[in-house]
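Shown next, in structure tokens, is the structure this report addresses.
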Number of protein chains: 2
Amino acid sequence: MSEGAKTDAIHVAASETAADVREVTRQRVVEAAADLLAREGRDAVTTRAVAAAAGTQPPAIYRLFGDKDGLLEAVVEHGHATFLATKHRDTRPQDPVEDLRAGWDLAVEFGLANPELYALMYSDPRRAMASAAFQAGMQILLGRIRRLAAGGWLRVDETLAAALIHATARGAVLTWLSLPEDQRDPALLTTLRESMVAAVTHERPVVQDAGLADAVRTLQALLPGQTTLSSAEQHLLSEWLDRLAADG
Amino acid sequence: MSEGAKTDAIHVAASETAADVREVTRQRVVEAAADLLAREGRDAVTTRAVAAAAGTQPPAIYRLFGDKDGLLEAVVEHGHATFLATKHRDTRPQDPVEDLRAGWDLAVEFGLANPELYALMYSDPRRAMASAAFQAGMQILLGRIRRLAAGGWLRVDETLAAALIHATARGAVLTWLSLPEDQRDPALLTTLRESMVAAVTHERPVVQDAGLADAVRTLQALLPGQTTLSSAEQHLLSEWLDRLAADG
DNA sequence: CACATCACGATAACATCGATAGCATCAATG
DNA sequence: CATTGATGCTATCGATGTTATCGTGATGTG
């Protein structure tokens, strides 16, 4: 019996290591694909290139993932999982609205840091919801939203809140990435975030009475139509107005 | 001489029709590709399938567009142009904030009606800004924003306003399309739109009724509190504002 | 009008990629 | 030990992007 138990244990251990080996190579292939995606773009992710980078052969990919789409799905899953890991870091029950902001920022920063992966994860409408790690992340998000609701902050449906958070984050990342680098204004991200907070919660945004900047903007828009000032004067005036708007 | 003129005319007419023929087949190929894209998805857009649908041969695509990417770029351009056509419809100078809402709705509805085309046009960050028709649409949008600014409605930079409008629309379309049909809440779209309006405009115009003199007055009233400009600069600025107010 | 030029239709071909077949090897199992 | 099954490896097939090539008819020229 002890012998039987021993062999059983050995067998179990052996099959475990066999499954582990399979899982390890699977992980190696996924990481090779993710690396290739991040470094050389989506078109560089061919079955042959991934197999070569992972030190195996093309048919192995089909034995592991069934399909190239299966491989990409695994890469997406891996992306959601790594993002989820950074998300789990701090879950201290501080201000739930502040938690909402932090979670949104984290998601956006992840997208900006991994543009190709983000495009694969979110730009294809069909693949978006299918991931298990994505569902786990969704549960975390819904937990945050639930806490908002419990605190009396929530302004809309919980599901609508989740959709709003996703939509603003997606729009933020994709628009940011589509802008040329010299036109990327960080205010785009913060404004979208506060916009999202205002739409989801009851927290009134600090109504800045920044009348100066508004007056400057209005005047700037109306300046081209005036005929009083010379072009040199108008040019200098416009410069000063810019400075006023920037510092105001 | 009459003979020379006649042959010249014929030559011109002939070369014109030749160029027209080229343009017509080009258009036919683009529309075939757009049709294929809309009806059978992105993967169905192969050079052979497009050529067959357009009644020509694969090499013709390369003579017309140089590249498959060139063909897709032409499809994107075509998409922007058709959207631009629907946009030009009504440009009545009504309430500029209402114009903003209408323009945003139009853009979102276009995306929802043409999901595959929209993904091709906007989900790839690089291809987004390169289109001529897109730049034309951007000019229309900037015109709308300029009118907001002239009316004293604008709350942020004009370029930031444009980015916010694009980002919210993109997030709205892509998130809507990624949701299963039974989870699509129209409130997602209206909430995002109103969120965008709240981020871009003031509920009430800060500078009432948009006169140059009014903007000048507002600015004059707020100038003493600023610390950006030197006293000399502020003095000259104040003089110019006086002249603007007097002549406006 | 005769001739050169050039764009276009059409076919074939090449390289790459996704996907599969087939075979050898090697470990696990009864 | 024989069997089963998974894996490494090569070769291969069909599809796709892309190019070469040839013939033809239109275009432009002397």
Side-chain angles (χ1 to χ4, degrees), chain A residues 3-30 32-33 36-37 40-75 120 124 127, chain B residues 3-30 32-33 36-37 40-75 120:
Chain A
E3 237 185 85
K6 199 183 287 179
T7 53
D8 273 11
I10 289 176
H11 288 172
V12 168
S15 67
E16 265 182 3
T17 55
D20 277 2
V21 164
R22 187 185 171 90
E23 195 55 36
V24 162
T25 66
R26 197 186 141 95
Q27 200 69 13
R28 200 181 53 208
V29 172
V30 169
L36 223 50
L37 176 68
E40 304 184 33
R42 158 133 208 200
D43 289 343
V45 183
T46 73
T47 56
R48 286 171 175 83
V50 170
T56 161
Q57 307 78 33
I61 292 181
Y62 294 86
R63 283 200 266 258
L64 286 171
F65 305 96
D67 204 340
K68 188 194 175 181
D69 225 54
L71 170 62
L72 293 182
E73 224 165 289
V75 171
L120 192 66
D124 183 1
R127 215 195 312 271
Chain B
E3 237 186 85
K6 199 182 290 179
T7 55
D8 274 13
I10 288 175
H11 287 172
V12 169
S15 67
E16 265 180 3
T17 55
D20 277 1
V21 163
R22 188 185 169 90
E23 195 56 35
V24 162
T25 65
R26 198 187 140 96
Q27 200 67 14
R28 199 182 53 210
V29 172
V30 168
L36 222 51
L37 176 68
E40 305 183 32
R42 159 135 207 197
D43 290 343
V45 184
T46 72
T47 56
R48 284 174 176 80
V50 170
T56 153
Q57 307 78 32
I61 292 181
Y62 293 86
R63 283 198 268 257
L64 286 172
F65 306 95
D67 204 340
K68 189 194 176 180
D69 225 54
L71 169 63
L72 293 182
E73 224 165 288
V75 171
L120 193 64

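Lettering follows sequence order; numbering is per chain, from 1.
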With sequence neighbours left out, what residues match B:A60 under side-chain contact (heavy atoms from CB on, under 4.5 Å)? B:T56
Sugar-phosphate or base contact per nucleotide [nucleotides 12-21 of chain C; S, B, -; heavy atom under 4.0 Å]: -B---BBBBB
Pair listing, salt bridge (charged side-chain N to carboxylate O under 4.0 Å, His left out) test, anchored in residues 41-51 of chain B, at least two apart: none
Length of the CG-C1' vector between B:L71 and D:dT18, whole Å: 14 Å
Supply the atom-to-atom distance A:T25 OG1 to A:L64 CG, rounded to the nearest 0.5 angstrom. 5.0 Å
Nearest whole Å is fine: how far is D:dG17 C1' from B:I61 CD1? 10 Å
B:L64 CG - C:dC6 C1' separation (whole Å): 15 Å
List for me each residue that meets side-chain contact (heavy atoms from CB on, under 4.5 Å) alongside A:F65, sequence neighbours excluded, and say none if there are none. A:R26, A:V29, A:V30, A:I61, A:L71, A:A74
Residue pairs meeting salt bridge (charged side-chain N to carboxylate O under 4.0 Å, His left out), one or both in residues 50-72 of chain B, sequence neighbours left out, come to B:D69-B:R127
Please state how far atom CZ in B:R63 lies from atom C1' in D:dA20, giving the value in whole angstrom units. 11 Å
In whole angstroms, how far is the C1' atom of D:dT7 from the CZ atom of A:R26? 16 Å
Which residues pass the side-chain contact (heavy atoms from CB on, under 4.5 Å) test with B:A44, not counting sequence neighbours? B:E40
Here the distance between atom C1' of D:dT16 and atom CZ of B:R42, to the nearest Å, is 14 Å
